[in-house]
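What follows is one structure encoded as structure tokens, with my remarks underneath.
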Amino acid sequence: MEMTGFDFASTDWDAVPAVRHPGEVGEALWRTRQFGSIRVRRVDYSVGYLADHWCRKGHVLFVLEGELVTTLDDGRVVTTGAGCSYQVADDREAHRSSAPTGARLLIVD
């Protein structure tokens, strides 16, 4: 990851407008900032959230609160709790997110 073209910035995530993204079940609220080519998001998944798509985008994802359940296209299921993270490269394992009890994430891609 090359980070160029922007100066130091501090983000008050509660001040960033939320955009609603409906899932197959529940919803995700994205608060997004763009820094050059890098997108940084705080994402809140509602209780029972299930993504409406399989994602092939690479991410570095950190669970701030709750628990994220990620299903991979090879059948593996990975649970990531608060204080833990995962990372995946672009066009690697397709993944689908769910949050049975809700979750708050910080995602960089």
Side-chain angles (χ1 to χ4, degrees):
M1 177 183 327
E2 188 171 324
M3 300 174 70
T4 62
F6 57 91
D7 295 325
F8 179 90
S10 177
T11 302
D12 175 357
W13 288 104
D14 290 330
V16 176
V19 176
R20 181 179 175 272
H21 294 267
E24 186 173 301
V25 177
E27 67 180 13
L29 296 177
W30 293 17
R31 297 174 192 275
T32 306
R33 299 274 322 266
Q34 192 75 34
F35 300 97
S37 63
I38 298 171
R39 177 175 66 170
V40 182
R41 298 175 281 158
R42 190 183 84 190
V43 177
D44 292 289
Y45 288 153
S46 65
V47 172
Y49 175 78
L50 174 62
D52 65 350
H53 67 284
W54 286 86
C55 182
R56 295 199 63 84
K57 175 76 177 138
H59 314 285
V60 175
L61 180 148
F62 182 77
V63 179
L64 298 165
E65 299 174 13
E67 188 172 81
L68 178 68
V69 177
T70 305
T71 302
L72 303 176
D73 61 356
D74 64 6
R76 286 181 290 160
V77 177
V78 178
T79 300
T80 309
C84 296
S85 64
Y86 79 69
Q87 48 286 324
V88 63
D90 289 336
D91 299 315
R92 297 298 295 206
E93 295 92 348
H95 46 282
R96 187 177 191 201
S97 296
S98 64
T101 60
R104 175 171 282 177
L105 317 171
L106 186 70
I107 306 171
V108 179
D109 49 31

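Counting begins at 1 with the first residue of the sequence.
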Could you report the tightest heavy-atom contact between S46 and G26, atom names first, then the distance? OG-CA, 3.3 Å
Between D90 and R56, is there a salt bridge with N-O shorter than 4.0 Å? no
Same cluster (ILVMFWY, side-chain, under 4.5 Å), V88 and V69: no
Shortest non-hydrogen pair, E65 vs A82, comes out as CA-CB, 4.1 Å
Rounded to the nearest 0.5 Å, what separates atom CH2 in W54 from atom CG in L72? 7.5 Å
Minimum heavy-atom separation for F35 to A9, with atom names? CE2-CB, 4.0 Å
Are F62 and W13 grouped together when hydrophobic residues (ILVMFWY) are joined by side-chain heavy atoms under 4.5 angstrom apart? yes
Consider only side-chain heavy atoms of I, L, V, M, F, W and Y, link residues closer than 4.5 Å, and tell whether L68 and V77 are in one cluster. no
Side chains of V78 and Y86: closer than 4.5 Å at any heavy-atom pair? no
Which one of R76, H59, K57 satisfies the side chain to side chain donor-acceptor pair (under 3.5 Å) criterion with H95? H59
Any residue meeting salt bridge (charged side-chain N to carboxylate O under 4.0 Å, His left out) with R96, in chain and number order, not counting sequence neighbours: E24
Q34 side chain vs G36 backbone, donor-acceptor pair below 3.5 Å: yes
State plainly whether one hydrophobic cluster holds both V63 and I107, where clusters connect Ile, Leu, Val, Met, Phe, Trp and Tyr through side-chain heavy atoms under 4.5 angstrom apart. yes
Any R33 side-chain heavy atom under 4.5 Å of F6 side chain: no
Distance, nearest 0.5 Å, that separates CG of D73 from CD of E93: 7.0 Å
Do L64 and V16 sit in one hydrophobic cluster, given that two such residues count as connected whenever their side-chain heavy atoms are within less than 4.5 Å of each other, even indirectly? yes
Are the side chain of S97 and the backbone of A51 linked by a donor-acceptor contact shorter than 3.5 Å? no
Is there a donor-acceptor pair under 3.5 Å between the side chain of R41 and the backbone N or O of V108? no
Given side chains that start at C-beta, do those of S98 and T71 come closer than 4.5 Å, heavy atoms only? no
Tell me, with the steps shown, if V19 and T32 meet side-chain contact (heavy atoms from CB on, under 4.5 Å). CA-CA 8 Å; V19 176; T32 306; over 6 Å; no
Between R31 and D14, the two heavy atoms sitting closest are NH1-O, 3.8 Å
Closest heavy-atom contact between G23 and Y49? CA-CE1, 3.8 Å
